[in-house]
Amino acid sequence: MKKGVFWIYDVTVEEVRGKDSIVLWGLDEDGVPHVFIDSGFTDHVYVAGDPDSVEKVLSENPILYRRVSISNTVRRFLGREYPFTMISGDPASVRDAGRLLNRFFEVFELDVRLSQKYILYKGVKPSRWYNIEYEDIQWGGWRYSHRLMNISLGDVIGYPDLKVVAVDLAPSLSLGEPDPDGDPLYAYALYSKEGIYTGERGESEYRLFKDMVDRLLENDPDVIVTFMGNRVYYPYLRERGGKIGLKLGIGRYPKEIYQSVLGHYSIGGRINIDLYEYVDGLPFLQLKTLEELARYLGLPDPPVKGDPYLYDRMWMEDRDKLIEYLSWRVETIYKSFERLAHDIIEMSSVTGIPLDYVLTSSSGRQVEFYIMCEAVGRGEVIPPQVSREVRSYQGGMVLEPVKGLHRGVAVIDFKSMYPSIMIKYNISPETVTDRRGDNVEFFEEVGLGVHRDREGLLPTLVEKLIRLRDEARRSLTGLPREDPRFKVVDARQRIYKILANTVYGYMGWPSARWYSRQAALLVTYLGRQVITATMDKASKLGLEIIYGDTDSLFVRHNVEKIGELLSWVENELGMEAKLEKVYKRVIFTSAKKRYAGIYDSVVELVGLEYLRRDWCRYARNLQYDVASEVLVMGGVGDSLGIVKRYVDRLRRGEVPLDDLVIWEQISKPLDEYKVNSPHIEVARKLAMKGWKIRRGVFIGYVIQKGDGPIYTRAVHYLDADPSLIDVGYYVKHQLIPSAHRVLEPIGVSRKEVENVALYSGRGLDAFM
DNA sequence: TGGGGCCGGGG
DNA sequence: GTGTACGGCCCCA
């Protein structure tokens, strides 16, 4: 028997000699790939039924009956102990037995995938180092394949030297996304540590394909990074390859890529990372483009302006430019992964979701897998995934703001309000009840209470995550920034925080295994109580309340009184609040969730048009400039002059089309829309041309001149004619409103704003 | 003129 | 495919 240390990067189920077996994919300390086959994993399900009846049902299928073992066991389920009948044995038999029994009894853990169960019950979380004992065997033509004998968690902090290759493609995009039937591949680009390589189509598309596949195999990467691989490029490549007679055999084993769950593509033995899936989860990146990601990470802008939708045009008109753009893309994809790798790997390592899936999983499923690991560790049976009716509930409290321009306003924030409430009151799906009783702390107003005599699973986990984060942060102070462990631990503490903050929302999500509307509702109720009590105390202290939202209070600044309030919160409420910032000036509109302020020379706009992608960039910039003027000058200043200059430039046709584009997302299948609106009408027109308009697609449009409602005059930005822009619409419905929004609170009327806009340039009839 | 559909971003 | 609260646009009756 041999021994070694390996970093496990994936856990899959493969057929080995006709039997479903677990395969662990690992790298040794030199970065050499190994596979470990574990054919001996015993699967199980729990059946809620007495052993005799379970046995009776099973014995009707004698073959199956002989292949599984049946035993009585007591397990915890949602905090209480119950007797279960456990069926165990080889995975295929347990699955078949489970399905059979499911017709008569409630069967638990039948809906947990085998590879997940392996991770849960063997405690083998991916993206960590393990001490492994093994014997060599032959499998799949793999150079280093072994039979797994023993595995235990190691204690190394860090990663092996991962071989990473970024790939990007320029296919023809006649209809929004490449059609494998008609759209050829023009070019590809590949980036690795060795540098960049690009290929262009010459005489034969087949050669280009072959060239790309060969290059990839030559590099033999552990990780292939793309931007939109799962959504667009792998499906295209696979089918297009089939058409031209070349299989996409870029895996280690199996060679060919294949589609697995959730629109994810598996590349045998390699890690498929689609950075678009990461970007999708970053709310502050509005259009989810690679350009935005680059800017966010501090990477260079593209050297030439490009757009995947323009690949056809670029290929016809300027191939060098296309290759230059593609080269920037692939380098940016590679370097973005370098910067994000620690966060992605730590999300995998902490939750237990293999790297290949961790970005494809929603944040609900990420936190859920973490909860499953912990639940199994505590001997809990995993609740089933069931589909439930969506029933919403009351959320946070938002105060009516005091309209106007204020000076010296302090913002007080509760620290992790919902996680703290869950911990303080022990709120968890299995501790919340609608019945009064001993050891039940009851809240009459919502008719719900909490068992105080048993430890709730979710609050315990939230507390643990917060503790782990604190520990990680403390250990950071002892590490120099250059130490390779620094980035690992730093990423880990961020992941702990993200998970801790997600648990409340997870609990209120109807698809959650640990769903509890009552528990979620109780959390928000107690949040409202906390803020209300704090407001009362603030008033008693003579602090004027100007605004508040969910877990924050804006009050007239007063150092002593705020200090007193904060200690009251800590002592009387057992919560933590802090003085977040003090606005030197702040403008409140009469609307909730919309304000602008300045502190430490930082101008900050919240909830206003400036932040919204469904307003054109030009109007957003105007609003920022006007708000800054008011906040810096402490009054109207030259605001109206700013408005006038913006309007003049637009009238003179000096504003680039890009700054006039309005972006909106398609949120459901097109035929489900009941209304006519600009972005839907544009999407319908694109669909008529043959574009595939899926959920999540961004539609950028401008409003052109003409008669009738604007939805009839909205034109896709790629088809727009700059000379046909409806200047009147932009002045009246974009520039004036966005400027007026921040001027109205200081007493500037709509009429005043309109006047400078209208009587600038050529006068009223030019655009009305 | 007001209500419904829809969207996006705040905490 | 984590939660709710909210404002504001456009369309249509």
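Bear in mind that the values here come from a model prediction, so they are computed numbers and not experimental data. Here is the naming used below: chain letters follow the sequence lines, and residue numbers restart at 1 for every chain.
The distance from atom CG of A/Leu608 to atom C1' of C/dC9 is 15 Å, rounded to the nearest whole Å. As rounded to whole Å, 15 Å separates atom C1' of C/dG7 from atom NZ of A/Lys403. Between the CG atom of A/Leu605 and the C1' atom of C/dG7 there is a distance of 16 Å, rounded to whole Å. Per the geometry, OH belonging to A/Tyr504 stands 6 Å off C1' belonging to C/dT4, to the nearest Å. Rounded to whole Å, the distance from CD1 on A/Ile662 to C1' on C/dG8 is 14 Å. One can place CD1 of A/Ile421 at 16 Å from P of C/dT4, the figure rounded to the nearest angstrom. Atom-to-atom, CZ of A/Phe284 to P of B/dG8 comes out at 17 Å; the value is rounded to the nearest Å. Separating the CD atom of A/Glu400 from the C1' atom of C/dG7 is a distance of 12 Å, rounded to the nearest angstrom.
Within 4.0 Å of A/Ser667, counting heavy atoms only, lie sugar-phosphate atoms of the nucleic acid but no base atom. No engagement by A/Glu368 is indicated, since no non-hydrogen atom pair under 4.0 Å with the nucleic acid exists. When heavy atoms are screened at a 4.0 angstrom cut-off, A/Arg594 is found touching the sugar-phosphate backbone but no base atom. Within 4.0 Å (heavy atoms only), A/Ser392 reaches sugar-phosphate atoms of the nucleic acid but no base atom. Backbone-only contact: A/Gly395 has heavy atoms under 4.0 Å from sugar-phosphate atoms and none from a base. If you check every strand for non-hydrogen atoms under 4.0 Å, A/Gln665 touches sugar and phosphate atoms only. Residue A/Lys593 is in base contact, counting any heavy-atom pair closer than 4.0 Å across all strands shown. Within the nucleic acid shown, A/Tyr515 has no heavy atom closer than 4.0 Å to any nucleic acid atom. Note on A/Arg741: only backbone sugar-phosphate atoms sit closer than 4.0 angstrom, heavy atoms only; bases stay farther off. Among the protein residues, A/Ala591 comes within range of the sugar-phosphate backbone only, with heavy atoms under 4.0 Å from sugar or phosphate atoms but none that close to a base.
Contact annotation: the side chain of A/Ile699 approaches that of A/Leu686 to within less than 4.5 Å [non-hydrogen atoms, C-beta and beyond].
In this structure, the nucleotide among B/dG10, B/dC6, C/dC6 sitting nearest to the side chain of A/Lys592 is C/dC6. Of the listed nucleotides (C/dG8, C/dC10, C/dC11), C/dC11 has the atom at the smallest distance from the side chain of A/Tyr711. Among the nucleotides C/dC10, C/dC6, C/dG7, the one closest to any side-chain atom of A/Tyr729 is C/dC10. Listed nucleotides: B/dG5, C/dC11, C/dC9. Nearest to the side chain of A/Ile710: C/dC11. Considering only side-chain atoms of A/Leu611, the nucleotide from B/dC7, B/dG10, C/dC10 that sits closest is B/dG10. Taking the side chain of A/Tyr673 as heavy atoms from C-beta on, and the options B/dG8, B/dC6, B/dG10, the nearest nucleotide is B/dC6. Of all nucleotides listed (C/dC10, B/dG8, B/dC6), B/dC6 comes nearest to the side chain of A/Lys668. Each of B/dC7, C/dT4, C/dC6 was ranked by its minimum atom distance to the side chain of A/Glu664; first place goes to B/dC7. Of the listed nucleotides (C/dC6, C/dG1, C/dT2), C/dG1 has the atom at the smallest distance from the side chain of A/Arg695. Closest to the A/Arg613 side chain, of the nucleotides C/dT4, B/dG8, C/dC11, is B/dG8.
Side-chain atoms of A/Thr524 and A/Tyr418 form no donor-acceptor pair, as typed in the model, at a separation below 3.5 Å. Under the 3.5 Å distance criterion, with hydrogens and angles disregarded, a donor-acceptor pair is assigned to the side chains of A/Tyr646 and A/Asp625.
Close to C/dT2, at under 4.0 Å from its OP1 or OP2, lies a side-chain N or O of A/Ser362. A/His733 has no side-chain polar atom (N or O) that falls below the 4.0 Å cut-off from OP1 or OP2 of C/dC9. The phosphate of C/dT4 (OP1 or OP2) has no side-chain N or O of A/Thr524 nearer than 4.0 angstrom.
Residues that satisfy the salt bridge (Lys or Arg N to Asp or Glu O under 4.0 Å) test with A/Lys497, not counting sequence neighbours, are absent from this structure.
Nucleotides of DNA chain C nearest to A/Gly396 and A/Asn501 differ in position, and the one nearer the 5' end is that of A/Asn501.
Between the A/Glu609 side chain and the A/Arg620 main chain, no donor and acceptor come within less than 3.5 Å of each other.
Proximity of the aromatic rings of A/Tyr504 and A/Trp509 is defined here by a centroid distance below 6.0 angstrom, and this criterion is not met.
Between A/Tyr583 and A/Tyr595, the angle of the ring planes goes over 60°, which puts this pair in the perpendicular group of the 30/60° scheme.
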